[in-house]
Structure formats: structure tokens, C-alpha cells
Amino acid sequence: MGRGGEQMSFGRMHRKEDARFIRGRGTYTDDVRLPGMLYGAILRSPHAHARIVSVDTSAAEAHPKVRAVITGQTLAGLNLAWMPTLSNDIQAVLATDKVRFQGQEVAFVVAEDPYSARDALELIDVDYEPLDAVIDARKALDPGAPVIRDDLEGRTGNHIFDWEAGDRARTDAVFERAEVTVAQDMLYPRVHPAPLETCGAVADFDKVTGKLTVWCPTQAPHAHRTLYAMVAGLPEHKIRVISPDIGGGFGGKVGIYPGYVCAIVGSIVTGKPVKWMEDRSENLMSTAFARDYHMRGEIAATRDGRIQGIRVKVLADHGAFNGTAQPTKFPAGFFHVFSGSYDIETAHCEVTGVYTNKAPGGVAYACSFRVTEAVYLVERMVDVLAAELGMDPAELRLRNLLKPEQFPYTSPTGWEYDSGDYPKALRLAMDLAGYDKLRAEQADKRARGELMGIGVSFFTEAVGAGPRKHMDILGLGMADGAELRVHPTGKAVLRVSCQSQGQGHETTFAQIVGQELGIPADDVEVVHGDTDQTPFGLGTYGSRSTPVSGAATAIVARKVRDRAKIVAAAMLEASPDDLEWADGRWSVVGDPSTGKSLAEIALAAHSNLELPEGVEGHLDAVTVYNPPNLTYPFGAYICVVDVDPGTGQVKVRRFVAVDDCGVRINPMIVEGQIHGGLADGVGMALMQVMAFDEDGNHLGASFMDYLLPTSMECPSWELGETVTPSPTHPIGAKGVGESATVGSPAAVVNAVVDALAPYGVRHADMPLTPANVWRVVNGNPFRT
Ligand code: PCD
């Protein structure tokens, strides 16, 4: 169906929010301007590791436009120098003892304008005593390595945690008797979500009312409010977090950053609103990172290609503070899905986390908590096995994929995949790609010395965190609320706790209500991103909005529909038991002419119509949804590349993506999500890495060095779909926002490695830049 108006159900509908976005009328954090507002700027460490001998702020304080200079010592006096991280560690808000990564926050200047604030930073004199830095995670555990976290009592090394999943003994036994085993080391490089809008905040503390209002582009406004209350001791009802329009989040805007806390303290100290906006370099250097997993995978299989076991060891680089985003119990997030989409007897993984002198983070960048790393690992390993066996990688996958009758399927690490028809998705992708023809074309080209590669990947994600009995974040359960009010004239307002960063919730959530109530989606206003206006919930990340808040929305709409039934029964002088819901109306069974639309019922519910004893008027409802399980979207991707042997340049010529996210609310939005995620995957596979020199200097702190994929690097995506509704979700939907970012890097890398097969290449680490590919071809460190 076309533009808005009559759209009453699922289907393609232009995004309501585009009316303001395409006119430049969105309101982002930096658009917030309050009377008397001051501006903050952060002084950052030039060293990756150094002791702070002294900080002299006197010259900065003497600057005529400076209103306050805040240091670690100022914060220590307020007991705010350190804050908790999402992983139960502590992180310095402003450094007191040492700096532990380049770009770390050292002091905060508040001035009358942003330029003076920046100028005054240069007037602060910090005396540093440089220390040796630990940059390579593989050296972090060496006995003589400098101890980064000497602030933590009893710390003598850089080890953070050991975690394991699966069955070690059984897996080792399978490897011992296996006909074939393969092993491969690989790195999922440190990358950055790099949203176009950087982080920032406007904090406004009103001394008279005691109310603190914070505007910031957070993906989880309610969680932020509760944490501010817990950490700073401010009463929660006196805190309002407003997350306005957001220019991309991608997991990088889930956590609380030092700049937010500084803006709040700045406002409390000066009595004025304070705005802090970081610039691009600050964003890339200090505000989160993702991945940085050094992985070793092993597969045990039979000679004819039946995968029996998978074994994995990971060294996880968590930077200077363990700020990884994840539900509390899972230090490696949902890495559990590393056995992939295959029917594997047994699996085991071990993950060791270490501190290094790099920025903290470990955010779930388009990733349901480390699902991306897990999928990349297993999909690379399956290709390594295919090479060892001399089998076609698609054929090897088809031989091992879970079968539809195996669902619900309990994985070797104990996760219950809800539903799927995997072989159907892969076969569809192969049909769309013309797989056999592509292989024939490749053979011809190889004979001519041309490098063409075909990469296959198959993924299963675990999204929609999460069931309260299994997970929480810092003690907060992951259930989401929803409130729905229907006005007398049949227009509705839905209030949800999740926050859109560009996904189009104002449209799709209105469509869910429209579908359930038979009213146009344009008649439903979606309110989100303001803790004073919306019910509690944990926010938008890990593709959880549709699985959790979307489910809450369907259920709250059904509650309204049930109330409407009682009102309709009174209107029709019938018993509610004699009514049926059809075509968006309640009518007497078998007599559609009696049908009452929701608008008619809403008016009656607000009128003097007599309702049965105990039934209230109006047409509102609230609910809290605690998901019974995660949802498990999946997909089959095929990538075709051409590699120039002279320059190492990779051209992604085609990309076929078949996604199954269950029922699609808005197929156009889903396709947009997939397009974006595929581009992300091409970026990571071919272009991106947060690189450091051995002293810890950041080598990618601008978009000249940290490259974003554009349409120039991307082919015209070819999409297909299958629909396996989630059995646990009220409308059968599964999340999709991250699927393509999760599934695509492996497809691209598999394609490039396939192209380089004539050189004996079995693996090459991302990013496959021309220089890296050229090195692989002309002196290959990975050659077997
Ligand atoms: N959908 C539909 N259907 C289905 C599903 C879904 O329709 N079945 C749609 C919905 O509604 C929305 C979307 O689609 O609108 C999405 O969803 P989801 O999947 O649920 O998700 P969410 O939650 O909403 O979101 C989140 C995601 C993430 S997570 C990420 S990264 C990314 C994605 O999202 N980010 C972003 N996407 C995007 N887009 C944009 N534009 N921007 C951004 O920022 Mo993380 O964890 O945070 O890392």
C-alpha cells in the first residue's frame, strides 16, 4: 500500500518521520538551545599510559569566558571520579591517578561559548609521567607487562575474566577420534560504530525544583535515568532523560560516557544548562569500540563433510576499563551461538578477557552482544573445512544445516533456537545468485588467470534480550512497558520505552497498533525517547525493539481491543461472547452489518453509554512484556567479488541476501535495514580497523583514516526472503536490524579468500584493503 492514509496493517508504508528528516526539521541533541546555556569541552590525554603528576588549571580559570574547570580531583570530592561500567567494572570519569588510553578524559572546561571552552583547554597544564603501554592483547598477560589497573585492589596483572561454554570433555573426545580436523587463527579487528551524529549532552539542573533534565542521544533513556539515580544519589523522579532524534546509534550510544556526567556536574556547579558535543576525532578515539577478538577456531568432521565438533579459544581485548555491553551473566555476550546454524554434536569455547591501553567499550555494534564475532568465526571455519575437504562450501553447508523438523532446537551451549527452515533459505539464495553458473564462470576466469571469488555465509542470530529469568543489565530486568490511549475520536497515542535511531519506530509501531485495532497507522502517534512521557524499559539495541517493545505494543493493543469488545457489546445490547472481530470491527457473530469500528466504540466508551458493572469507561491499557525466549532470525548470503591481482583491489560485484525475520511489519523498512547492514559488512570486511602504533597512538581518528563504505563500494543489493514466524512472539516477528551486519562480513571475506584460492590462501584477516590483499598474494602469512 502507498503513502499513509489508509494504511491499517503491515506492509510497505513510507516512514512518518521522514516528513521532518528530509526537510532538515529533525531535532538532534546539538539542536537543543536553552537560555543562558554554557558549553563544555574535554581535555584528553595525549598518552596511552602515564601517571598524572599534577594538573594546573589556574590559567584556564583566569580565561575571561571560562565559568568552571572540573578535574578528577573536583569529581573525587563529589565521589564521582569513577563510575560503574556496563560490565560491573569502574571507569574514570576524569582521570585522577593515571591515564590509561590515548584520548582519555582528564579535565572539563565550561565556558560561555564552545570556542572559548576549546581555547581554555590549551591553558591547562598537565604534568604526565609516561609509562610503558600494553597495546597488543597477546602481550597483556606476559609476566612483565605493565599493570594497567593498579587502581583496583590486589591487581597484579591485566587479566579480567575467563569464561567458557559448552562441553569440554565431550568436545575434546570428538576431536580425538575425528577423521579430519582443521584449525585457524583469526582476528575480528577493533572497529567503531561511527554514527554520523557524535555523542553529546545538554544537562540542565534546576536548583529550585531540584529537577535534572538531560538531553542526549541515548539508545536506552530509562536505563540512563535509573543509573544516574543510583550512582549520583539523585531522586529518580527528579531526573528526566530526553533522547531526541538520533543520527545513528549502532550500539555506540547505549552506555553512559564521561562527557555526559561532566555536563551534568557542570550544570550543577554553574547553575546553568551545559552543552557538550564531541567532535569526530573524540568520537572515534574515546567513545566506544567494538569487537577486538583474537580467535582460534577448530572443527572436527568426517571425511565426507559431516561436522561433529567445534572448539574455540578467544582472547578478548577490552581496553582500559571493562565497559563491554552485555547482560550481566555473559562476559562474552551471546558468543554462545558460535556453533552456528549447524547440527553439531558438541561444542566448547573459552574466552579470556584482558585489559589493554586502549579505549573502553566493547559495544554491541550492530550485534546482539558478540553474535557477530561468533558468526564470523564459524562461517570462516566452515570455509576452511571446505577447502581442506575439497568440497563446495554451499554443499558443505547444506549437508550440515539444521533441518526444519529439529526446531525448537537446543544448541550445544544450551540456547533454544525458536524456528527456521535453513536449507530453504540457502537454496533460495543459490537460485537467486545462479550459483552453478557463477561457479562455471569462475572456472573459466581462473583458467584465464582472473581472480573471481564466491563467498557463502549462513547465520543465526539471537536477538530480543531478554527473558528476565535468564538476563539483566546491572540488575535491571529486560522487560519493556507499553501504554496505549485511544482518544474519543478514535485516534491513538502509543508510548514505548525503546528509542529509534533511524529505524522508523514511529511508523512500524503505529502499524502494529493499526493492524491490531483496524485503524490507520497515521492515526497513531508514537511517543518515545522521553522518560517523563513513557513507561520503563531497557531501550533499543541487540535488535530488541520489535521482539520486546513490539510485542508489548501488540499485547497492549489487544488489551484495548478486548475492552472495546465490552463497550461494543453494550452498544449492540449483546453479550460480549456473541461478538466476533473481523475487518477491524466488533460485530454480532454472523452479522457483519452490526459491526462497530474502533472509532465508534471509542466515542461510546467516553460517552454516557451504560457499561456493565465493574467495567470502566475510556479505552486505554498498559502492559509490561517479559519475552519468553529470544527470537532467532537467520539468513543466507552469497557475495561475488573480483580481485585485481596487480593492486589487491577488491570489487564487490554482486551480493545476494536472503533474510528470514519472521513476519515483516514494514517490508520496505526491513529492506532498508538490510541494505544498511550489508554496507556495514562490506566496510568491516574491506576497509575498517581502529589501528594503533606500539605506543598506543590512535592511527584512525578521522574519516580520512577510518573509512566508511559508500555507494561506490557497494553493489546493487539483491534481496530475497523466507518467512518463518517466531512461535513465541505475538505477531510472529523476529528482530532484523543487525542481521545483515552480522552475516555479511563472512560472506565478503569468504569470497575474497575463494578468489585467492589459486595462491593457496585459506584465510586472510579483515580488513581486506588493497595493501593487505596484495601482501597476502605476494608473500602470504596465511598460506598453508
Ligand atoms: N522490523 C519490521 N519487521 C520485522 C522486524 C523489524 O518491520 N520483522 C522493523 C522494526 O519495526 C524497526 C526496524 O525494522 O523499525 C528494526 O527493528 P529491530 O530489528 O527490532 O531493531 P531495533 O531494536 O528497532 O533497532 C536496533 C538495531 C540495532 S541494534 C542496530 S545496531 C542498528 C539497527 O537497529 N542501528 C541502526 N538499524 C539501524 N538503523 C538506523 N537507521 N540507525 C541505526 O543506528 Mo545495536 O545493539 O545498537 O549495536
Side-chain angles (χ1 to χ4, degrees), residues 10-13 15-18 21 86 191-197 217-220 245-255 288 290-291 325-327 333-334 361-372 461 463-465 473 480 496-512 515 521 526 528 537-551 553-554 627 630-631 633 659-680 721 723-726 729 731-742:
F10 298 164
R12 290 175 187 275
M13 174 184 172
R15 301 196 311 175
K16 294 178 169 204
E17 42 274 82
D18 286 346
F21 290 157
L86 286 173
V191 292
H192 197 281
L196 283 190
E197 180 204 27
T218 170
Q219 298 178 227
D245 288 328
I246 299 184
F250 308 106
K253 289 172 177 166
V254 175
R291 329 285 191 239
Q326 83 224 325
F334 295 174
V363 301
Y365 163 25
C367 175
S368 187
F369 314 114
R370 306 290 188 181
V371 164
T372 312
E461 273 193 284
V463 306
I473 290 192
D480 285 1
V496 285
S497 56
C498 58
Q499 163 62 346
S500 180
Q501 307 113 44
Q503 298 89 335
H505 292 174
E506 287 163 42
T507 307
T508 50
F509 281 64
Q511 285 182 273
I512 297 175
Q515 168 94 1
V526 177
H528 62 137
L538 274 212
T540 294
Y541 42 84
S543 302
R544 67 184 296 279
S545 303
T546 305
V548 190
S549 285
T553 298
L630 300 165
T631 66
D659 273 273
D660 190 322
C661 57
V663 173
R664 295 182 176 201
I665 301 157
N666 186 326
M668 187 183 73
I669 285 184
V670 168
E671 286 162 19
Q673 291 287 302
I674 294 169
H675 287 177
L678 294 174
D680 250 358
E721 72 175 275
V723 177
T724 318
S726 162
H729 189 279
I731 57 174
K734 304 177 180 183
V736 75
E738 303 164 303
S739 292
T741 319
V742 169

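Everything numeric in this text was worked out from a predicted model, so none of it was measured. One is the number of the first residue; the rest follow in order along the sequence. Both ligands and their constituent atoms are indexed starting at 1 by order of listing.
Within 4.0 Å of ligand 1, the residues that place a heavy atom are Gln219, Gly248, Gly249, Phe250, Gly251, Ala364, Tyr365, Ala366, Cys367, Gln501, Gly502, Gln503, His505, Thr508, Thr540, Tyr541, Gly542, Ser543, Arg544, Ser545, Thr546, Pro547, Cys661, Val663, Arg664, Ile665, Asn666, Ile669, Val670, Gln673, Ala733, Lys734, Gly735, Val736, Gly737, Glu738, listed by chain and number.
Aromatic ring pairs are classed by plane angle as parallel below 30°, tilted from 30° to 60° and perpendicular above 60°; the pair His505 and His528 is tilted.
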Quiz item: Run the side chain to side chain contact (heavy atoms under 4.5 Å, CB included) check on Ser739 and Gln673 step by step: do they pass?
Solution: CA-CA 9 Å; Ser739 292; Gln673 291 287 302; over 6 Å; no

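A side-chain contact (heavy atoms from CB on, under 4.5 Å) with Val548 is found for one member of Asp480, Thr631, Leu538 and no other, namely Asp480.
A heavy-atom distance below 4.5 Å is found between the side chains of Val496 and Thr553.
Scored by the side-chain hydrogen bond (donor to acceptor under 3.5 Å, both in side chains) test, Glu721 finds no partners at all (sequence neighbours excluded).
Heavy atoms only, all atoms of each residue included: Ser500 and Gly504 are closest at OG-N, 3.3 Å.
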